[in-house]
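To keep things clear, I will list the structure first and then write my remarks on it.
Heavy-atom basis, side chains included; hydrogens, waters and symmetry copies ignored. As the structure lists them, so they are numbered: ligands from 1, and atoms in each ligand from 1.
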Amino acid sequence: SYIDLRCIGCGAFLQTDHPKERGYTPNSAYQKGLETGDLYCQRCFKLRHYNTLDKVQMTAQEFLMSLNQLAEKDALIVNVVDVFDLAGSLLPGLQRFAGNNPIVLVANKVDLLPSSVKENKLIAWMKRYLKSQGIKVVGIFLTSAKKYRQMDELLDFINAHRKGRDVYVIGVTNVGKSTLINSLLKSRGLEGDVITTSYFPGTTLDVIEIPLDDHSKLLDTPGVIQEGQMTSLLEAKALAQVLPKKMAKPRTYQLNPGQTLFLGGLARFDFEGMKRSGVTVYLSNALDIHRRKTEGADAFYQKHLGSLLTPPMGRQADWPELRRHAFTLKEAQDLAIAGLGWIYCPAASRVAVYVPKGIDVILRQPLI
Ligand code: GDP
């Protein structure tokens, strides 16, 4: 139930039912707040008392509306993406929303990549990919907010490039934006009451403000759930299985033409030809891979989806059908599945990958 009172921190209407949404406060805290007059949503409460950030979810629509205002600002834009899922976590239309404002791309969670990934190759691919999407950036950073990698460098770069302007940090949910901001704060040794909230320009969405100097601030915008990302299909338990927690261990299979790999119930990979070759899968270690003959693979999937082949956990009535994407490869390529990981495929092979309808598959030069 929504209650007609606003949080005195961010101005959101208070509600006690949806912990992940704006204005949430546990009922007990709400009752107590009524007595003391100290009515904060849980997010602002944590912000005030522990200086930690919680995320608020919003619809893509709301988010895009709020982004529209960005082009009119004079600002430096920091777009945080998941290095494991560049295509799935890059904001569509980013360049349009940024207007003439410079963009810094922060590819976070590098600690999850196998150590064999060459950073220069990764950056080169990112540059090509950004170019293909019509996005111009002034810098690319490979960071780990969790392991404090590149935090000082990023902060120095931001300070050098913002030229007195405000800094907006944007990104879809789960890329590690809150963790990154907390780490940046720690790296500056900032503690206490430095964080306040305000509204995103022209909307009632709350943004987190962190002063950078007397005149400008860092603004953390709410995240957005991205469609076309594998993680948007999954529930919490399944999500935990898909999102890698530790560095992904490459798994290599010698495949004959006519063999199939199932990546849990999320995706299927058919090796169609030409000759027996090695294929390497990079994805969360917690996700099981099943090898089968391609013949009969359809029936196998139908029979075992949600039981042997997880996630999804159990039968989900709204689980999308798998769509087939076929490729003939002259050179060795990585076949990247948004939100999941990638499959290294050797030169001179014919392959097909099946992913839920709406999920993107892209080819790129191998990172390893
Ligand atoms: P937000 O939705 O973008 O604000 O993302 P969060 O900061 O809440 O992070 C989402 C998940 O990613 C959490 O489970 C974090 O612990 C995790 N995470 C954030 N940064 C990193 C990182 O650099 N490396 C790893 N391995 N995990 C991270």
- prompt: Do S349 and S277 have a side chain donor and acceptor closer than 3.5 Å?
  reply: no

- line: Contact region, N108 to ligand 1, non-hydrogen atoms below 4.0 Å, reads side chain

Polar contact flag for L112 and ligand 1 (N/O pairs, less than 3.5 Å): no

- prompt: Quick check: does D111 get an N/O under 3.5 Å from an N/O on ligand 1?
  reply: yes

- line: Of G171, S183, S144, G176, the one whose closest heavy atom lies nearest atom 9 (O) of ligand 1 is G176

message: My understanding is that we take every heavy atom of each candidate and find the minimum distance to atom 22 (C) of ligand 1. Doing that for K146, K147, Q150, R149, which one comes out nearest?
response: K146

- request: Could you check whether the rings of W125 and Y129 sit parallel, tilted or perpendicular, using 30° and 60° as the cut-offs?
  value: tilted

message: Which of the numbered atoms in ligand 1 are under 4.0 angstrom from any heavy atom belonging to K177?
response: 1 (P), 3 (O), 4 (O), 5 (O), 7 (O)

Residue pair Y168 / L218, side-chain heavy-atom distance below 4.5 Å: no

- request: Please test I77 against F97 for side-chain contact (heavy atoms from CB on, under 4.5 Å), starting from the C-alpha separation and ending with a verdict.
  value: CA-CA 10 Å; I77 295 174; F97 297 120; over 6 Å; no

message: Please evaluate residues T16 and N27 with respect to the criterion side-chain hydrogen bond (donor to acceptor under 3.5 Å, both in side chains), reporting the C-alpha separation (whole Å), side-chain torsions for both, the decisive distance (0.1 Å), and the verdict.
response: CA-CA 6 Å; T16 55; N27 194 39; 4.6 Å; no

